[in-house]
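Worksheet for the structure shown next.
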Amino acid sequence: MVAIIVSLILLIFLSFKKINIVVVGILAAAVMALLSGQPVLTAIKDSYMMGAAGFVQNNFLIFFFSVLFGKVMEETGSAASIAKFLAEKLGEKYAILGVIFAGAVLVYGGVTTLVVVFSLYPIALSLFKKANLPRYLLPGAIAGGCFTFACANFPGTPNLVNVIPIQYLGTTTMAAPVVGIAAGLVVMLLVCVFFLREAKKAKLRGDIFIDDEDTIKSLAKVNSIEKLPSPFVSVLPIILILVVLNILKQDVILAMLCGIILCVILFFKNLGNILDIFNYSSKNAAIAIINTAVVVGFGAVVKNSSGFQQLFDFSTNLKGSPLVSFGIMTTVLAGACGSGSGGLGIALEAMASRYLALGLSPEILHRVGSAASVGLDSLPHNGAVITLLTISGTTHKEAYKYIFFPTVVCTLAGLAVSILLGTILYPVL
């Protein structure tokens with residue numbers, strides 16, 4: 001138990017210090033092995049590498065095609081077109097909701113989070129200026145749509161945290177749909193109510209939109225993207241992906257490939273250098289999956305320790321549904337990793353077979369795992385949070401509390417709903 005706690009603290013601390021995650025993952029695994037009595041070299045060469053390599057083998061293609069689809073949507077202007085249409089449709093009065101829903105639609109459709117952030121930010125900034133809303137609310141509004149209900153609660157999305165459980169549980173992206181929809185609606189409602197209230201409070205305080213040099217440059221980008229493709233045509237690749245994936249029941253890789261091909265056909269004239277797009281996608285997919293896999297490898301070493309067995313026995317012997325312990329352990333791991341996909345990968349690698357053996361339905365494990373992956377992953381050391389604050393020119397002190405509430409408090413409420421409904425609708429066999 002001490003080995004698990006110390007190695008997790010080391011993982012969090014070194015990640016927060018921005019030390020390369022590959023180094024952090026190997027070092028934390030070595031410390032874990034040493035303190036738990038495992039042969040260090042054997043643990044690294046066998047357990048660690050098998051866990052990391054297995055994750056890469058099972059998930060590289062979805063990482064690659066997700067990044068490629070997002071990049072094609074970005075290069076053709078399709079992502080910006082959808083974001084601009086949805087953000088402006090609600091008008092100045094509900095500008096903040098427009099930003100939330102614009103991000104949510106793109107993320108639910110499979111566009112990678114960072115592409116959405118880069119595409120949506122200048123449009124959201126322009127909308128905030130028209131509505132005279134303070135900029136410190138902007139990162140939270142984007143996070144509220146991108147990091148919450150759209151990617152993890154609502155079923156059917158090709159988003160990573162809804163796809164990763166499939167390999168461990170044999171489920172589909174539509175696993176436990178009633179639970180997912182109910183939890184997603186709760187999170188969405190909480191997020192919207194929170195930001196409407198905060199926008200009202202900001203106006204009462206007299207907080208207004210303030211320009212600076214970087215803001216002026218970002219606003220200038222909006223003028224350069226006036227001639228965008230039709231949002232109604234731009235959304236067709238997303239619709240095709242969802243149809244192929246959820247109605248035709250095809251593999252997520254094939255669904256993403258269909259969306260990419262359709263986007264290229266529709267907006268071929270808007271594409272830049274195709275070779276550059278492939279180079280960008282392969283490079284960023286490789287970085288993303290290695291950064292996640294090295295943390296999953298750490299989880300494989302943890303799994304082999306006697307301390308983990310004690311922790312598992314303790315958590316599963318608690319009174320109440322085993323879903324409670326599964327949800328808590330998954331979201332704690334996601335928080336420790338600063339990554340929803342990384343934490344979910346560790347949890348499923350270490351615990352999926354054990355919880356299935358307890359008689360839990362694979363479908364509800366899938367849905368609770370996805371919901372739990374976004375509970376604590378957005379703590380201050382999360383890479384996406386840091387990137388979002390950097391892009392928006394705000395600090396943790398100014399804006400993080402507006403990220404924390406939707407991405408931590410609201411998503412944990414969604415996890416609670418998922419566990420409650422899952423306990424009722426999917427009783428232990």
Side-chain angles (χ1 to χ4, degrees), residues 59-87 101-124 142 145-147 150-151 156-163 173 221-222 224-246 248 250-289 292 341 384 387-388 391:
N59 294 288
F60 177 74
L61 288 178
I62 181 60
F63 270 73
F64 172 71
F65 283 108
S66 293
V67 175
L68 180 59
F69 177 61
K71 188 61 177 175
V72 170
M73 289 287 285
E74 179 185 27
E75 288 290 320
T76 58
S78 304
S81 176
I82 296 169
K84 185 175 182 182
F85 174 79
L86 292 171
F101 288 123
V105 168
L106 289 169
V107 167
Y108 182 81
V111 182
T112 48
T113 302
L114 286 182
V115 168
V116 176
V117 170
F118 281 109
S119 299
L120 181 56
Y121 175 70
I123 296 165
I142 294 175
C146 294
F147 303 169
C151 68
T157 174
N159 199 279
L160 283 170
V161 295
N162 193 42
V163 171
T173 52
K221 293 181 182 179
V222 179
S224 67
I225 57 173
E226 287 297 326
K227 294 183 180 179
L228 292 171
S230 163
F232 301 104
V233 179
S234 297
V235 79
L236 292 179
I238 289 177
I239 293 174
L240 179 62
I241 288 174
L242 297 176
V243 169
V244 173
L245 180 62
N246 299 304
L248 300 183
Q250 298 299 308
D251 188 87
V252 64
I253 304 299
L254 178 60
M256 298 298 293
L257 186 57
C258 289
I260 291 166
I261 292 171
L262 180 59
C263 192
V264 170
I265 292 172
L266 292 174
F267 308 113
F268 184 78
K269 292 181 180 180
N270 294 12
L271 282 174
N273 189 312
I274 295 179
L275 184 60
D276 287 344
I277 292 174
F278 275 101
N279 287 339
Y280 171 92
S281 300
S282 57
K283 176 183 176 181
N284 282 274
I287 292 171
I289 196 165
T292 306
S341 56
T387 301
L388 181 55
I391 292 170

- request: State, with a plain yes or no, whether a side-chain heavy atom of I274 is found less than 4.5 Å away from one of F268.
  value: yes
field: Pairwise distance CG(L68) to CG(N284) - rounded to 0.5 angstrom
entry: 11.5 Å
field: Main-chain N/O of T173 paired to N162 side chain as donor or acceptor, under 3.5 Å
entry: yes
- prompt: Which atom pair, heavy atoms only, marks the closest approach of L240 to C258?
  reply: CD2-O, 3.5 Å
message: Show the nearest heavy-atom pair for residues F65 and M256, with the distance to one decimal.
response: O-CE, 3.8 Å
statement: Output for pair (L262 CG, L257 CG), nearest 0.5 Å, gives 11.5 Å
query: Would a 4.5 Å heavy-atom cut-off, applied to side chains only, mark V264 and T76 as touching?
result: no
query: Checking S282 side chain against N279 main chain: does a donor-acceptor pair fall under 3.5 Å?
result: yes
task: Could you tell me which non-hydrogen atom of T157 sits nearest to which non-hydrogen atom of Y108, and how far apart they are?
output: OG1-O, 2.9 Å
- prompt: Any side-chain heavy atom of S230 sitting closer than 4.5 Å to one from S81?
  reply: no
- prompt: Roughly how far, to the nearest 0.5 Å, is the OH atom of Y280 from the CD atom of E75?
  reply: 9.0 Å
- request: Measure the spacing between OG of S78 and CG of L236 and express it to the nearest 0.5 Å.
  value: 9.5 Å
task: Looking only at non-hydrogen atoms, find the nearest pair between L245 and Q250 and report the distance.
output: CD1-O, 3.6 Å
query: Are the side chains of I265 and I261 in touch, meaning some heavy atoms are under 4.5 Å apart?
result: yes
For F85, all residues meeting ring pair (Phe, Tyr, Trp, His ring centres under 6.0 Å), sequence neighbours excluded: F232
query: Are any non-hydrogen side-chain atoms of F267 and V72 less than 4.5 angstrom apart?
result: no
Any F69 side-chain heavy atom under 4.5 Å of F64 side chain: no
query: What pair of heavy atoms forms the shortest contact from I241 to P158, and how long is it?
result: CG2-CG, 3.9 Å
query: In a check of side chain to side chain contact (heavy atoms under 4.5 Å, CB included) between L120 and each of I82, I142, L86, which one passes?
result: I142
Over all atoms of both residues, closest heavy-atom pair of C151 and C146: SG-O, 3.8 Å
field: Any side-chain heavy-atom pair of M73 and I260 under 4.5 Å
entry: no
message: So V252 and L61, do their side chains get closer than 4.5 Å, heavy atoms only?
response: no
